[in-house]
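Have a look at the structure below, then the notes.
Order of listing sets the numbers, starting from 1, for every ligand and every atom in it. Everything numeric here is computed off the predicted structure, so don't read it as measured data.
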Amino acid sequence: MTTRFASLGRVFLAVALAYQPAMAQTKKGKAASPAAAALTPQKQDEEYTRLIKEYLQDPRFSTELVDHMPASETVPSPLKFLGRIPGKPGELTYAKDIHRYYEALAKASPRARLWKMGTTEEGRDIVVLAVADEATIKDIDRYKDMASKLGDPRKITEEQAKELIHTAKPIYWINSGIHSPETGGPECLIELAYRLIVEETPFIQNIRNNVITFITPVLEVDGRERVVDAYYYSKNHPGVSRNNLMMYWGKYVAHDDNRDGMGQYLQMTKAFTKGVLDWHPTVLHDLHESVSYLYVSTGTGPYNVTLDPIQIDEWWWLAETEIMELTKRGVPGVWTYGYYDGWVPNYLFWIAITHNSFGRFYEVQSYGPDVSANLQLGGQTISREWFRPNPPLASVKWGPRNNTNIQESALLFALSQVGKAKETYLENYYLKNKRTIEKGKEGTESPTAWIIPARQRRKADAADMVNELRRQGAEVHTANSTFKLGSVEVAAGDYVIRADQPYRTLVDMYTSIQNYPTANPRPYDDTGWTMQYMRDVKLVTTHEKSVFDAPMTLLTAEAKAAGGVDGSGGTLVIEHTGDNNLISFRVRNPSLKMMAAEDDFELSGHKFRAGALIVPNADRARLEPMLKELGLSSWAAASAPTVKSHDLAMPRIGYAHSWARTQDEGWVRAALDYYKVPYDYFGDKNLKDGDLRAKYDVIIFPHTGGNTASILAGVSAAAPIPYKKTAETPNLGGTGLDSSDDIRGGMGMEGLENLARFVREGGVLISEGSTATMMAEYDLTGRVTVEHPANLFARGSILRGKFVDLKSPIAYGYDGSDLPVYFNQDPVLNAAGGGGFGGRGGAPGGINGGEGQNIFPNVTPIHVSPLDPSSAGSPPPPTSGGRGGRSARGGGRAAPDAAGAAVDGTGGGRGGRGGGATEERARLILAFPTNAGDTLLSGTLAGGEALAGRAAAVDVPMGKGHVVMFAIRPFWRWQTQGSFMLAFNAIMNWDHLDAGKAAPAAAGTPTAGGN
Ligand SMILES: [Zn+2]
């Protein structure tokens, strides 16, 4: 058949398949007998078929599977229901209409069932439509049960598994609309659902009879409604582009909604995870749009080291199916490999992989929905490569129906293949679950258990991590009594995650230490994510098999840290452990008088870290239940401890965002909302209004992306750009989101001056990433300089932070010398004053800089240093520098001694900066190690010398106020709970940030103000 297809081409194929015998669906619940149906070809919907042809921009992007549409007397077609077919240029469909259509499908056909799987932040439904043959849909709970059994080999015998592999059906879950501006997936799925339900070719019958297709047409429902609003608005208002109006997708984040698979803050991620846990899908397929014309995921590698090798084979095996079938039909530009890596498990489709299912995705040439008369490509996109047998073309007419046809065809080939090889896929699923348990039992490649001590210092956040792992399906036990596993002592109540469970995969992936050799292709996203590091939670592993016989009980409810009050007396002292619930306690009691201890001290035999909250005349009956709920420990005493302390005053918090992009600030907002920290949210252009100090005590201005010039400029356009809810744009704005009559303008120099005045008048500005850079580049913060090291490569890694000043209120509660922090390439902040710039110029080059072929990039691991060297034998050797070492940097720099006392700006090449005499010194709180070999904890790093002693967090006094600058990203993607407190401390102690400050060491430095 293959040869005939190839030689006769698409004409023959079209003819052959159009006259397949049909088994028309006559009435709901009743199908014509196969024998009778065999005589008559299925009736086609001529109008629909004609429109497909009319809208198709280029026949090369079609196949015999999608160039026609069967008619149905009982099931409404998209044309009948929506009044148009998918792929019509210039039109987009709201999710609410797609959902209405799916309801109609489920109502009309016994081959479909629809249910709600969750609700978005803004209250919209997230749905899934199941399509299969009538009997399967009727019996869907039995198939659900079979999938669940294959997902837990502990509960079935080998014989039962064999039987189940034979009788179960793979669930192939197609998801789209996670990325709102990628508009074609949801449109294509409107049509795919109808075709799968009504078409009677043997090709479609094979899919319907052998696969249970799940379709979630739009996962980011809030963002879909916004992009449709934005599209039609821009169409009717020349001068405003759709992108101008897409600063918000969902309530919190934009593109990063597909990086929430590990952290799981967003409602859609949680809903999807619950769906995966409930249904045990065999395959999860996520639809995206970016590259030309259709990329089927496999990735360039390096592949995540914890992956079952079967998954890697499955990626390749199925990707080759789509490439071969489409290439065979002459469709250009279908390829795999050269995009994305396969490393970090944070994407939506990895929720399948971490649960032993098969996760994959497409990237399709953009839908539009406008037509590109001449889509031109060149360079790296059109060459013929081993992974791209029939490359994209230099020039084509592209448009939405091309997108629908290529995508729908590819999906059908994938579904068909899984239907034909269903037992293989089911067996693979079973084997992945079985092997992960076996690996856990063996304890050689994997630990046999992970232990999270319940009574560790940050016990509330430890419980929070346990709960997150449980929400994602991991089974967690608590120890019934004290026992020993080799050298590991387990106390009663400690959390034990046994490795003899199917979701060992997930725990292993999240908690292992990443090693990403730089000889690999440039990483697609983060390279390090070790969960206990990012959350600053103690977790130990064991390889002892005796854990499987140890006394423990499965945790069946949320883990909860012990909290409450010890002792008696009118004064309460609440320990500051760095647990994030401390800020909840603060904001829940805004008018309660409380103080913060400025030093470490002892009370009733208990040692407290600086930052402990002292509540005189405490209403214990009211506060104790709250402390218990939050898992915070406190001690009652007859009188306040004698330690020096300062009053805490609840700040009025302003929160500035850029109108160009809210992607990153969304994670900061997410964290504030979670702990219910109140703030006043406004666009950057409002900074022009002035008199900020009258309104606010603290202004948070998170990373905006871009550079200082673009931050100041903001959005520019010829016409006004309103962003608000109107009859024309009913889905813009929303609770907790900003609105404006015109978003153009940015903060300008005026806004920057106002921010500086706000600080000089006693306010605290909290900045990170690009906004910290802005403050430094405009020399507003004196003595903190931004460096641009050419050879630094640190792509989303976990690095070691060294506390330089544990007396700063920003460091309150932290008790060790080290804190793992997330850092992504820039900014590099030098708080030492002066300091040579290391030869600016050139972005880091390709990391495969060497000669010849490097097809074994993982042979040489990168140097990773253990977080706690005392537990890892001899100290690690200094890093070799990875990619071929680095030349000496220009300009001597005053490298601060990170392990020592506060660093002053002394020495350094290039003679420091002008105006030093009137500037106050920066107070370095957290810095990167001076020895580059100690820096990398998880992920990748090259050229780490450029970070030696550089600031991770620095507090810069200015007039009466402070600018707190983070080079790290303390609120990264709901994963860095361990560093949230650095910012929370700054908020709580905003008017006493100079507490504990060492006396100025050098002449010419004025005393600090603002206290
Ligand atoms: Zn995407």
task: For residues W529 and W974, establish whether the separation of their ring centroids is below 6.0 Å.
output: no
- request: Establish, yes or no, whether a centroid distance under 6.0 Å links the rings of Y248 and Y723.
  value: yes
message: My understanding is that only residues two or more places apart in sequence, or in another chain, count here; which of them pass side chain to side chain contact (heavy atoms under 4.5 Å, CB included) with T729?
response: D229, Y233, T726, L732
- request: Under 2.8 Å from the Zn ion (ligand 1), which protein N, O or S atoms are there? Could you list them by chain and number?
  value: H179 ND1, E182 OE1, E182 OE2, H288 ND1
- prompt: Under the salt bridge (charged side-chain N to carboxylate O under 4.0 Å, His left out) test, which residues partner E220, sequence neighbours left out?
  reply: none
field: Geometric cation-pi criterion, K432 with Y429: 6.0 Å, 45°
entry: no
- line: Those residues at least two apart in sequence (or on a different chain) that pass salt bridge (charged side-chain N to carboxylate O under 4.0 Å, His left out) with R259 are D525
